[in-house]
Amino acid sequence: MSYNPYTKAHPVSKSLPSDPSEKNPLYGFLPRKVTAKQVQTAMESDINPFTKKPHSPQYKKILEARKKLPVFGQMDEFLKMFTNNQIIVMVGETGSGKTTQIPQFVCYSDLPHTKGQMVACTQPRRVAAMSVAKRVADEMDVQLGKEVGYSIRFEDMTEPGTTFMKYMTDGMLLREAMNDPDLKRYSTIILDEAHERTLATDILMGLIKDLAKRRSDLKVVIMSATLDAQKFQKYFSIAGPSQPAPLFKVPGRTHPVEVFYTQEPEPDYVEAAIRTVLMIHRAEEPGDILLFLTGEEEIEDSCRKIKLEADDLVNQDPDSVGPLVCIPLYSSLPPQQQQRIFDSAPPPRTADGPPGRKVVVSTNIAETSLTIDGIVYVVDPGFSKQKVYNPRIRVESLLVSPISKASAQQRAGRAGRTRPGKCFRLYTEKDFMTELEEQTHPEILRSNLANTVLELAKLGVKDLVHFDYVDAPAPETLMRALELLNYLAALDDDGNLTPLGAIMADFPLDPQMAKMLIVSPEFNCSNEILTIVAMLSVPNVWLRPPNQRKEADQAKAMLTVPDGDHLTLMNVFNSYMNNKHDRQWCWNNYLSQRALQQAENVRMQLQRTMERYEIELVSTQDERRLWQNIRKALVCGFFMQVAHKEGEKNNYLTVKDNQVVSLHPSCGLETTPEWVIFNEFVLTTKPYIRTVTEVRPEWLLEYAPAYFDPSTFTDGETKRALLRVQKKRSLKSGDGGASNGRNSPASDLPAKKKKKIGTS
DNA sequence: GAGCACTGC
């Protein structure tokens, strides 16, 4: 083993110790004062500067390819800016190489391994974190998981003490910040794809801006698309209001895309889209097409229509129209079918016939998450499904809305990745200029923030309303979140995090679910609640193929527990386990094995967190009692999501919000009980409540007395029903009703259980 | 009597 002059105990502040430069390519490097010339010499060395081992044969080959990236030519400029500034905003267009190269430049200058620290680079998506880490490990000629690693949920590919370059999801870094608010293990933090404005990135920006003031040794790089750079420069002007963070700009390496607009607005964008695809197929040069639509049904429908019409064209004119394949793409497709987008276009039908063409019909997944090479034509109708949150009725829903200019630009760019392309926008140029918003609203303005507010509290943010957000959420949204967390006893009346809230924040769950999981040992059903919570955390497990709906519904009925959908979910998971994860069993029962497998993963992760807090895993033998206990535990988390049946038409009214809702058709209840608890409120063709279980009104009064205090209700059937129950209860017990206090037993730590474990 | 844009912990 070669001599390593660096030790972790002593931060290097001066030039590194003397060592012949042939043996130590980093000889003479002054941390954060490194020049491009030094880095380039070190890169050309036969010895890997970080492992001190000889470079592998392919290293130089990869290096030659890296040198052709636009960002490589600006290494000197970047390093100077990195030396002279604490925070840099960087703009790098597609193909600039920023995600792979900038973190490496930072490593060469920052030398995190000499200080026992790391450089972090966040990504909004897991696959990106993994694949970029792999690429960079290859470029740096190290084994993935050693010097270069990644960290995503369920998978930590890093080695403490060895890894100094870590790619990770933004959510993962946020989690780490909850346990170490100063993020001391990082010398530089790079937030990549900041323009995507995910919830996690937005919160991280606020935290890191503040952290940079406390930690003068921390360096920060914000990487974004062009349009947002100014906003971030201004936001990160920590040196003074008139001193925006410096901008480092790198051109992209893409091909020009010619953009076309329609002359008149299109009344039916799906019809127009299909027409445009067929027009391209008839009249344009060979090259694949990408069409953006809004959802699964629309996509499957359009694929069928395009296929029919294209076959017609081929039959009418086989000498000039080639074969066409139409491939749907959306996230709920099984991975194997998603892979089809990488198939090549069909060959000509005869040796000298017209060439074939591939059409991918996709949701927004192809805008950011997946890149398809070989796309030359993009058809952009200008719509996508977007999440909107209405704090007044506390409902998140999906709405087909016009996209932003930034989004339209991103879509068009998909046509120019391999050669010059064309983008057909199915709206007028005037509408593009005047009607489309510049940017898509960041997620923080469109979401229920219950989770986020709890995280912020755990992160030590005292004043949530005046936190330095890049874009501040609506006060009403924050109030809704604070209210919920206060009712759940995660925050006290002054908005301070309670000990219970601190534990809740550690579970990667919605606060309601975290709460019911933590109190579940008191009802002797934590084993079951853990399963239910895991099942609620994964995508729908029920498959319902269009041509086998009846069979699928029958299979589902076999697994249904009539007392409630939550119990049905538990039953499905247990049956899956009893059938030893059998694929055939899943298939026979129209269940998604992928989702069930995911639920098992989530369950194991949550169980580890439970163990850390010594929350017991217990169960009840008698099934009837067990089911009742489970329903009581559900009330402790979801008492704010209760609906009361009103009138004879099977309509329900949500408690307090007084929204008229119906049971979702997927609901498995055999009757329509007077009181139900629901997991979600969905607004589709009409307002529905989904995943519903019957509860008893006495439980509402007992486990959430503050929320169900009848005096806080407006007059109506719900209030009268509550008063009747209250009266009956007080006659029975002789006291006022609630047995032990305001929010008990769900109000505080499960002290009894903790002690029991502590002594064992 | 109907759906599930997309991520992330």
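Below, chain A is the first sequence line, B the second, and so on; all start at residue 1. Hydrogens, waters and symmetry mates play no part in the numbers below; they use all other heavy atoms, side chains included.
- Between the side chains of A:Glu155 and A:Tyr150, at least one donor-acceptor pair of N or O atoms lies under 3.5 Å.
- In this structure, A:Leu669 places its CG atom 16 Å from C1' of B:dA2, rounding to the nearest Å.
- Using a 4.0 Å heavy-atom criterion, one finds that A:Thr368 contacts no nucleic acid atom at all.
- OP1 or OP2 of B:dG8 has not a single side-chain nitrogen or oxygen of A:Thr198 nearer than 4.0 Å.
- When heavy atoms are screened at a 4.0 angstrom cut-off, A:Asp506 is found touching no nucleic acid atom at all.
- Rounded to a whole Å, the CD1 atom of A:Ile365 is 11 Å from the P atom of B:dA5.
- Where A:Pro124 and A:Glu680 meet DNA chain B, the nucleotide closest to each residue was compared, and A:Glu680 sits on the side nearer the 5' end.
- Note on A:Leu174: nothing from the nucleic acid sits closer than 4.0 angstrom, heavy atoms only.
- If you take CG of A:Asn451 and C1' of B:dC9, they are 9 Å apart, rounded to a whole angstrom.
- Taking only side-chain atoms of A:Ile152, from C-beta outward, the nucleotide of B:dT7, B:dG3, B:dC9 with the closest atom is B:dC9.
- Between A:Glu93 and A:Lys98, none of the side-chain N atoms (NZ, or NE/NH1/NH2) sits under 4.0 Å from a carboxylate O, so this pair counts as no salt bridge.
- For the pair A:Asp228 and A:Arg197, the salt-bridge criterion is not met [side-chain N within less than 4.0 Å of a carboxylate O].
- Nucleic acid contact class of A:Arg544 (heavy atoms, under 4.0 Å, all strands): base.
- Using a 4.0 Å heavy-atom cutoff across all strands shown, A:Arg690 reaches sugar-phosphate atoms only and no base atom.
- Between A:Arg411 and A:Glu367 there is a salt bridge, since a side-chain N of the basic residue sits under 4.0 Å from a carboxylate O of the acidic one.
- Going from atom CG of A:Asp192 over to atom P of B:dT7 covers 17 Å, rounded to whole Å.
- The phosphate of B:dG3 (OP1 or OP2) has a side-chain N or O of A:Thr685 nearer than 4.0 angstrom.
- Among the heavy atoms of the strands lying under 4.0 Å from A:Thr169 are primed sugar atoms or P, OP1, OP2 only; no base atom is included.
- Backbone-only contact: A:Tyr330 has heavy atoms under 4.0 Å from sugar-phosphate atoms and none from a base.
- The interatomic distance linking A:Glu155 (CD) with B:dC9 (C1') rounds to 15 Å, in whole Å.
- Among the heavy atoms of the strands lying under 4.0 Å from A:Leu398 is at least one base atom, whether or not backbone atoms are also near.
- The residue A:Ser384 sits apart from the nucleic acid: no heavy atom pair falls under 4.0 Å.
- Ring orientation note: the planes of A:Tyr469 and A:Phe467 are nearly perpendicular, at an angle over 60° on the 30°/60° scale.
- Using a 4.0 Å heavy-atom criterion, one finds that A:Arg175 contacts the bases of the nucleic acid, with or without backbone contacts as well.
- One can place CG of A:Leu454 at 16 Å from C1' of B:dG8, the figure rounded to the nearest angstrom.
- Per the geometry, NE2 belonging to A:His195 stands 15 Å off P belonging to B:dT7, to the nearest Å.
- Across the interface with DNA chain B, nearest-nucleotide mapping of A:Tyr688 and A:Glu296 shows A:Tyr688 to be the residue nearer the 5′ end.
- Per the geometry, CD belonging to A:Gln598 stands 10 Å off P belonging to B:dG8, to the nearest Å.
- The closest donor-acceptor contact from the side chain of A:Glu298 to the backbone of A:Thr294 lies under 3.5 Å.
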